[in-house]
Amino acid sequence: GEVIPVWGIGICASLGKTRIGVYQRPRVGILALGDELVPPHMPLAPGHIRVSNLFAITAAVTKYGGLALNLGIADDHLDRIESALRGAGEVDLLLTLGGSQRGDFDLVDDLLSGARGHIVFRDIAANYVRSMIFGRFGQVPLCGLPGAPIASLVTFEVFVRAAIWKLAGRRNLAPVRVEATLQEAPPPTRARTHFQPAWLEARPQELIAMPLHVQKAANFPPQTLANGLICRPPDSPACLAGERVWVDVIDSLVPPAQA
């Protein structure tokens, strides 16, 4: 249940252990949903946007040890979505991006119904991840992630990363969690868990966390800068700058600036 570190491989070699039992990397198929989506190399027509989270989530699967299978884009037709997912072949986990809300063209609910599969849970009491759907497509676990890039990033880090690690045989599924000093005051959380992308930096005497906001980052969206997720339980009061909060580390810490 442990990842073999670099020196662990050296120790195996020194002991003459040329073969050891390991888990296979889990195969994860990722499919983006939406008539409005086009690949990055295509010109944009009115009403279209280039798909971005498909490639970001594919990279995240690889980062956490999965074998990522980019299944491309499926438009908003149930039979085409089903065909694209079945075309993934033998996989351990399926991810859909978009289509998990309750609109007329959000079809993940329909996909996980009847003979095709079933929903295990949905409607999570947390920001960003609340529209995620988890179920089974046939016998394969499927996570229906939100389509918005920042929501899909947070949902992946909160739920999918642990699923990939579980499939890979890891025993400890929790991310590294550190305590950091807030540089800005976040609002109360009300009746739901609150996840806030943050910029986490190592200062000489402490770690600092700067909450990142969609409305304040037109040129650099939060998902491009975030290396941490501030985690606050339901009904937490508003915090003050300078208070300490728990932050899940999701990327490399930034070292202190050199004088």
Side-chain angles (χ1 to χ4, degrees), residues 1-12 52-53 55-66 68 126-129 148-166 168 170-190 192-259:
E2 303 294 336
V3 176
I4 302 174
V6 171
W7 289 110
I9 294 174
I11 290 172
C12 289
S52 61
N53 55 0
F55 297 94
I57 296 299
T58 296
V61 169
T62 302
K63 168 186 171 182
Y64 287 117
N127 68 322
Y128 288 125
V129 308
I150 187 170
S152 63
L153 165 78
V154 174
T155 305
F156 183 94
E157 292 289 346
V158 173
F159 289 102
V160 181
R161 174 201 50 75
I164 292 172
W165 282 1
K166 178 70 173 178
R170 290 183 64 153
R171 185 164 38 212
N172 182 7
L173 305 181
V176 174
R177 180 167 285 189
V178 298
E179 198 174 18
T181 302
L182 277 171
Q183 299 298 289
E184 184 179 296
T189 63
R190 302 194 178 128
R192 61 183 184 181
T193 301
H194 193 271
F195 298 102
Q196 182 68 55
W199 173 258
L200 193 62
E201 183 175 330
R203 295 280 176 87
Q205 302 299 324
E206 63 179 351
L207 291 174
I208 62 140
M210 172 59 75
L212 300 173
H213 304 280
V214 174
Q215 65 271 24
K216 295 183 180 179
N219 294 325
F220 294 97
Q223 64 268 27
T224 68
L225 298 174
N227 58 359
L229 279 179
I230 297 171
C231 307
R232 300 169 63 214
D235 300 316
S236 295
C239 294
L240 299 176
E243 289 190 35
R244 307 279 286 175
V245 292
W246 290 107
V247 185
D248 288 346
V249 179
I250 62 174
D251 213 331
S252 301
L253 292 183
V254 179
Q258 297 296 319

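Atoms CZ and CD1, from Phe195 and Ile150 in turn, are 13.0 Å apart once rounded to the nearest 0.5 Å. Rounding to the nearest 0.5 Å gives a distance of 3.5 Å between CD of Glu157 and OH of Tyr64. Atoms CD and CG, from Gln196 and Asn127 in turn, are 7.0 Å apart once rounded to the nearest 0.5 Å. Residue Tyr128 holds its OH atom at 9.5 Å from CG of Leu153, rounded to the nearest 0.5 Å. Rounding to the nearest 0.5 Å places CE of Met210 at 11.0 Å from CH2 of Trp199.
Arg161 places a side-chain N or O within donor-acceptor distance of the main-chain N or O of Leu173, the cut-off being under 3.5 Å. In terms of modelled atom types and a separation under 3.5 Å, the side chain of Glu184 and the main chain of Ala241 share no donor-acceptor contact. Without hydrogens or angle criteria, Thr189 side chain to Asp235 main chain gives a donor-acceptor distance under 3.5 Å. One N or O on the side chain of Asn227 and one on the backbone of Leu200 form a donor-acceptor pair closer than 3.5 Å.
Taking each heavy atom of Pro149 and Ser152 in turn, the nearest pair found is O-OG, 2.8 Å. Considering all non-hydrogen atoms of both residues, Ile208 and Glu206 come closest at CG2-OE2, 3.9 Å. Ile230 approaches Ala209 most closely through the heavy-atom pair CD1-CB, 4.4 Å. Contact record, Gly66 with Ile164: N-CG2, 4.0 Å, taken as the closest heavy-atom pair.
In this structure, Pro197 and Leu229 have side chains that are in contact, with non-hydrogen atoms separated by less than 4.5 Å. Counting heavy atoms from C-beta on, the side chains of Val247 and Leu207 never come closer than 4.5 Å. Proximity of Val154 to Val129: side-chain heavy atoms (C-beta onward) are separated by under 4.5 Å at one or more points. Arg232 is listed as a side-chain neighbour of Cys239, based on a closest heavy-atom distance under 4.5 Å. Counting heavy atoms from C-beta on, the side chains of His194 and Pro186 never come closer than 4.5 Å.
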Please determine whether side chain to side chain contact (heavy atoms under 4.5 Å, CB included) holds for the pair Trp165 and Val3, giving the CA-CA distance in whole Å, both sets of side-chain angles, and the decisive distance to 0.1 Å. CA-CA 10 Å; Trp165 282 1; Val3 176; over 6 Å; no
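Within a 6.0 Å sphere centred on CZ of Arg190, other residues, nucleotides and ligands contribute 12 heavy atoms or fewer.
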Going by atom type alone, with no hydrogens or angles, which donor-acceptor pairs under 3.5 Å involve a side-chain atom of residues 55-63 and a protein atom two or more places apart or on another chain?
{"from": "Thr58", "atom 1": "OG1", "to": "Leu54", "atom 2": "O", "distance (Å)": "2.6"}
{"from": "Thr62", "atom 1": "OG1", "to": "Thr58", "atom 2": "O", "distance (Å)": "3.3"}
{"from": "Lys63", "atom 1": "NZ", "to": "Ile250", "atom 2": "O", "distance (Å)": "2.5"}

